[in-house]
Amino acid sequence: MAGPQPVFRFAPSPNGLLHLGHAASALLNAQLASRLGGRLLLRIEDIDPGRSRPEFERAIREDLAWLGLDFAEPPRRQSEHIADYAAVLATLQREGLAYPCFCTRGLTARLVAEREAGGAAWPRDPDGAPLHAGPCRQLSDAERRRRVAAGEPHALRLATDEALRRILARGGGAAPGWDAWDPAAGDQRRVPADPARWGDVVIGRKDVAASYHVAVTHDDALQGVTHVVRGEDLREATHAHALLQALLGWPTPVYHHHALLLGPDGRKLSKSLGSTALRALRAEGVSAREVRRRLGFTGSP
Ligand code: GLU
């Protein structure tokens, strides 16, 4: 019996132009969706007001259309749904699973230096940032309320160990994790989540009432995404995503983290590397068919 129709998504952040690496990721999503008889959605991940620009969104959509990619629905734009992400954060806070963090960069640097004075390195998260070193988790509710009411800038952190404890304490609570899918081999392997590597991860930023982790997992659940195909630079983030999914009762999609396309210098392509931007190639007269061929995608997507 056929299961529910698979749902894939391509979820660019409009903070630069699409380059060949994005094209490869979008084309792979389209190819796998078509192979599995699934649908492919486009989601614009623009919750970062400091970096997202409408002109980049326009350029991204034009470039994707030029590449020949069709999406099943009009794109979902995350900036239009900040209130939904904020509601998730409010629930977590009410349930004692999230707390405000008032640490500044300066305070964190000082605390980390103090702890490292003894010789042992203070742990870093997979992005290289020190794990939460401040006293925020120990503050009383009254103190938190006072500082928030006074307008003190704060992020929101997940109480990660408490989140894990609650998940496991639920009747039949299974440890969070995900199925890593290898589309070439056609198999799946269970990966246990190890969210501790992110410590008390930031789930609400000082400048936005959300974070990438919350917005992406919320939307994958809301949109019924069954297959997440994205770059391996986001594999580590999946440890936090699987925890949030288990905590919030959201299904965990299957994940495939593909290798990143590297530049001639062996480093991952960045949006500032104009030479591989799809626009630049198009301006040089390279056709979409040629781009697909160079990336190993023959035929139409
Ligand atoms: N918006 C993210 C990015 O452009 C991708 C998110 C995801 O695929 O989970 O890097």
Side-chain angles (χ1 to χ4, degrees), residues 9-15 43-52 76-101 103 108 123-132 136-137 154-164 166-167 175-178 180 191-223 225 227-257:
R9 64 9 174 227
F10 179 60
S13 300
N15 52 22
R43 189 162 71 221
I44 303 295
E45 301 209 323
D46 59 348
I47 58 168
D48 187 337
R51 301 180 67 209
S52 303
R76 176 177 171 87
R77 195 174 291 116
Q78 289 190 324
S79 59
E80 293 167 0
H81 303 280
I82 299 284
D84 297 340
Y85 313 133
V88 172
L89 298 184
T91 304
L92 291 175
Q93 218 173 339
R94 224 175 19 249
E95 293 181 1
L97 287 161
Y99 61 91
C101 169
C103 293
T108 299
R124 303 296 200 266
D125 73 20
D127 287 343
L131 297 194
H132 185 215
C136 309
R137 179 119 181 224
H154 60 278
L156 208 64
R157 289 185 182 273
L158 186 71
T160 294
D161 52 3
E162 179 60 15
L164 265 174
R166 297 238 194 134
I167 292 166
W178 69 92
V191 182
D194 174 22
R197 62 183 74 196
W198 290 98
D200 281 355
V201 64
V202 169
I203 52 172
R205 291 173 23 176
K206 279 188 182 168
D207 53 341
V208 197
S211 68
Y212 159 63
H213 299 310
V214 166
V216 82
T217 48
H218 174 277
D219 285 1
D220 284 339
L222 182 82
Q223 298 188 286
V225 170
H227 293 68
V228 172
V229 173
R230 61 185 181 189
E232 65 188 3
D233 52 338
L234 291 172
R235 184 181 284 120
E236 290 287 336
T238 317
H239 290 279
H241 297 175
L243 176 69
L244 286 170
Q245 288 153 350
L247 186 62
L248 292 157
W250 295 336
T252 297
V254 159
Y255 287 87
H256 171 56
H257 293 100

Rounded distance [0.5 Å steps], SG in Cys101 versus NE2 in His132: 3.5 Å
Backbone N/O of Ser52 and side chain of Asp46: donor-acceptor pair under 3.5 Å: no
Would you mind reporting whether Asp219 and Val225 have side-chain heavy atoms less than 4.5 Å apart? no
Report yes if some heavy atom in the side chain of Leu248 is under 4.5 Å from a heavy atom in the side chain of His218; otherwise report no. no
With a 4.5 Å heavy-atom cut-off, do Leu164 and Pro176 have their side chains touching? yes
What is the minimum heavy-atom distance between Gly204 and Leu89, and which atoms define it? CA-CD1, 3.8 Å
Would a 4.5 Å heavy-atom cut-off, applied to side chains only, mark Val216 and Val228 as touching? no
Apply the test side chain to side chain contact (heavy atoms under 4.5 Å, CB included) to residues Val201 and Leu244: give CA-CA distance (whole Å), side-chain angles for both, the deciding distance (0.1 Å), then the verdict. CA-CA 11 Å; Val201 64; Leu244 286 170; over 6 Å; no
Just wondering, do Leu222 and His81 contact through their side chains at under 4.5 Å, heavy atoms? no
Run through His239, His241, His256 and flag the one making a ring pair (Phe, Tyr, Trp, His ring centres under 6.0 Å) with Trp178. His239
Closest contact, heavy atoms only, Asp127 versus Asp125: N-OD1, 2.7 Å
Side-chain contact test, heavy atoms from C-beta onward, threshold under 4.5 Å: evaluate it for Leu243 versus His213 and give yes or no. no
What's the separation between atom CZ in Arg157 and atom CH2 in Trp198, rounded to the nearest 0.5 Å? 11.5 Å
Shortest non-hydrogen contact from Ser211 toward Ile203: OG-O, 3.1 Å
Which distance, rounded to the nearest 0.5 Å, do you find between the CG of Leu131 and the OG1 of Thr108? 11.0 Å
From NE2 (His227) to CG (Asp220), nearest 0.5 Å: 12.5 Å
Minimal heavy-atom distance between Pro126 and Arg197, with the atoms involved, is CD-O, 3.4 Å
Just by distance, with hydrogens left out, do Arg9 and Gln223 show a side-chain donor and acceptor under 3.5 Å apart? no
Heavy atoms of Ala155 and Lys206 approach each other most closely as N-CG, 3.7 Å
Grab the two heavy atoms, one from Gly199 and one from Thr160, that are nearest each other, plus how far apart they are. O-OG1, 2.7 Å
Which distance, rounded to the nearest 0.5 Å, do you find between the CD1 of Ile47 and the OH of Tyr85? 7.0 Å
Is any side-chain heavy atom of Leu247 closer than 4.5 Å to one of Leu92? yes
Carefully, step by step, assess Arg51 and Ser13 under the rule side chain to side chain contact (heavy atoms under 4.5 Å, CB included). CA-CA 9 Å; Arg51 301 180 67 209; Ser13 300; over 6 Å; no
Stepwise side chain to side chain contact (heavy atoms under 4.5 Å, CB included) test for Thr238 and Arg230: CA-CA 11 Å; Thr238 317; Arg230 61 185 181 189; 2.8 Å; yes
Is the backbone N or O of Ala159 less than 3.5 Å from a side-chain atom of Asp200, with the two atoms forming a donor-acceptor pair by type? no
Would you check if there is a donor-acceptor pair between the side chains of Gln245 and Thr252 at a distance under 3.5 Å? yes
Residue pair Arg205 / Asp48, side-chain heavy-atom distance below 4.5 Å: yes
Separation between CD (Gln78) and CD (Glu45), nearest 0.5 Å, reads 4.0 Å
